[in-house]
Chemist: 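Below is one structure. I have some questions about it.
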There are 2 protein chains.
Amino acid sequence: MQARYFTINDYPQGMPQPELFELHSTELPALQDGEVRIRNIWLSVDPYMRGRMSGVTTYIEPFELNAPLEGAAVGEVIESRDPRFSEGDKVRHMGGWRDIAQLDADTLEALPSIEVPEQAYLGVLGMPGMTAWTGLNEIAKMREGDNVLVSAASGAVGSLAVQLAKAKGGTVVGIAGAPEKLEWLESHGIKAVSYRGKDAQQLSEDLKQACPEGFDVYYENVGGDCLEAALDNLRVGARIAVCGLIADYNATRPSTAPGNLAIILIRRVRMQGFIIFDHWSHYPQFLEEVGPKVAKGEIDYEETIEDGLESTPDAFLKLFEGANKGKMLVRL
Amino acid sequence: MQARYFTINDYPQGMPQPELFELHSTELPALQDGEVRIRNIWLSVDPYMRGRMSGVTTYIEPFELNAPLEGAAVGEVIESRDPRFSEGDKVRHMGGWRDIAQLDADTLEALPSIEVPEQAYLGVLGMPGMTAWTGLNEIAKMREGDNVLVSAASGAVGSLAVQLAKAKGGTVVGIAGAPEKLEWLESHGIKAVSYRGKDAQQLSEDLKQACPEGFDVYYENVGGDCLEAALDNLRVGARIAVCGLIADYNATRPSTAPGNLAIILIRRVRMQGFIIFDHWSHYPQFLEEVGPKVAKGEIDYEETIEDGLESTPDAFLKLFEGANKGKMLVRL
């Protein structure tokens, strides 16, 4: 059986170009004992993948050059030589960026039984959703009534973070760019602040206007000017959950760091970076808490969908233009 | 009775000049019920006082212009109208920057009975010592065997931090400037690294050489290049206790922030600012743990002493030139 997959041919500096990605076709070897063959239905593209294209080990190994790229995916079992999986089973796994995946059965998860569209397990009930929940609860230790600021607030992670924060009360402010993203935030009771055309000082003033009492929690997805503006508006004892710094991911120079880092001292701020893979043992608790809300339609999640395996690199690159609302997915 | 005291006549930008300080003399009013009159013996000058000269409320109210400055002091009661204190008692209080203090008895502490020189209660067993202990234990949650980096490692706070860290094992590295400070560190089993004449990258390389495995804890007193170099050398899960950022205290421009702040995300670092006044309820525990060690000579603490009330502004200004080894004190 033929499988098609993407590779990268270099570790790029700066913003990756479409030429970086190469589509290959190969004849799959015969299935071995303990292996499963899956026809992928949904592929996930995520900002963290940029880190795996840098050639250095950060919190996760770099992608291997000219080998199939990896990423979360949902698919259907088409052949199984493992007793745990049968033809027709829906599974989640890390063999994305390809149409047919042939994997060790130990690396597959059966999809949970909550009644949601299957691609939700790549978004609101997958890694991004789990990231939002963990950042707010485990890292920032959000309390009832806390005022919360979220950057990239309409993204896959941010859009769930603002809704979970709003459910626990307090003023919730989201930073985003495009008018339709700001509208989406406002329609969910989130105060929306645009970063477009603003330097850190202007952004800081707008945040102050949105929440004059200041923030107890800052959920950080962006870095750069957003971090500087946020620091200005923190209350004493505030907590920053550093989930992402997408402003820097394609930077070729050191980032322009905030000039007001002394606020960490003056206002006794705790700033903590985290990687969701360290916290995956809490996934069942997350699923129990958030899953039913998603099934009942109490959580609104957006998807931006590109069609066809060939569109995967484009879908990935669009993440850095802010072109996605909610979770960016590729449908095969 | 006449008392002499210092005031400031302005809130300065940048490094304060000696002309900022004015020495006054006044006739003290008669002692009221509940008041105590103290002849000061030791005055403390501390970097945090710079913050009180900025005219803005940070974590502590600014000094009032043309009113007696405040600061920790140890003195002897010369007259009391409160049953808790008698002539001859040694007390610690905040009525420093003056020779005779007349204070509400509620604001005085009798000196603890541990047999140490009385000025130790302004240094190793006072606010700076308590700050070192709290930063390591309560904020950075140092564990046995952790590798620990301390900036301003021969200062009043740093010199205790390195010794407490060393006692719990692991590699302890201290950053300092003057050769005699580096020698002092080495003589206590601390690896000493000089910051002099180095940019962040050079300092980073020297730290890597001193502790190739990287640091679990960074005790931050300085900021600027020290922070950048330290970030480069942190291990996954490291904790930064931000006690001070003396590099910035006299800055007239925003500080040059580290360009590698993304390490907080990549290595899941927790960075936390703290102010010792929030943690003072642990003072008895600190005293119980560290006091006997000081009394037995197991902790080496240095003092830099200036003589005479008139020298107080100079003693304070020298803190920002790194002219002190250990605690800077004024003896009256």
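The shown structure was predicted, so the numbers you read here are calculated from the model rather than taken from an experiment.
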Chemist: Measure the CZ-CD1 distance between B:R270 and A:I240 for me, rounded to the nearest 0.5 Å.
Modeler: 13.5 Å
Chemist: In terms of heavy-atom contacts, does CD of A:E64 have more than 12 from other residues, nucleotides or ligands at under 6.0 Å?
Modeler: no
Chemist: Please step through side chain to side chain contact (heavy atoms under 4.5 Å, CB included) for the pair A:L265 and B:I275, ending with a clear verdict.
Modeler: CA-CA 7 Å; A:L265 174 59; B:I275 302 298; 4.1 Å; yes
Chemist: Is it the case that over 12 heavy atoms from other parts of the model lie below 6.0 angstrom from the CD atom of B:Q209?
Modeler: no
Chemist: Taking only residues two or more places apart in sequence or in another chain, which ones pass salt bridge (Lys or Arg N to Asp or Glu O under 4.0 Å) with B:K168?
Modeler: none
Chemist: Step by step, would you call A:L261 with B:L227 a side chain to side chain contact (heavy atoms under 4.5 Å, CB included)?
Modeler: CA-CA 11 Å; A:L261 210 56; B:L227 177 55; 3.7 Å; yes
Chemist: Side chains of B:Q272 and A:V269: does their closest heavy-atom pair fall under 4.5 Å?
Modeler: no
Chemist: The criterion is salt bridge (Lys or Arg N to Asp or Glu O under 4.0 Å); which residues satisfy it with A:R235, sequence neighbours excluded?
Modeler: A:D216
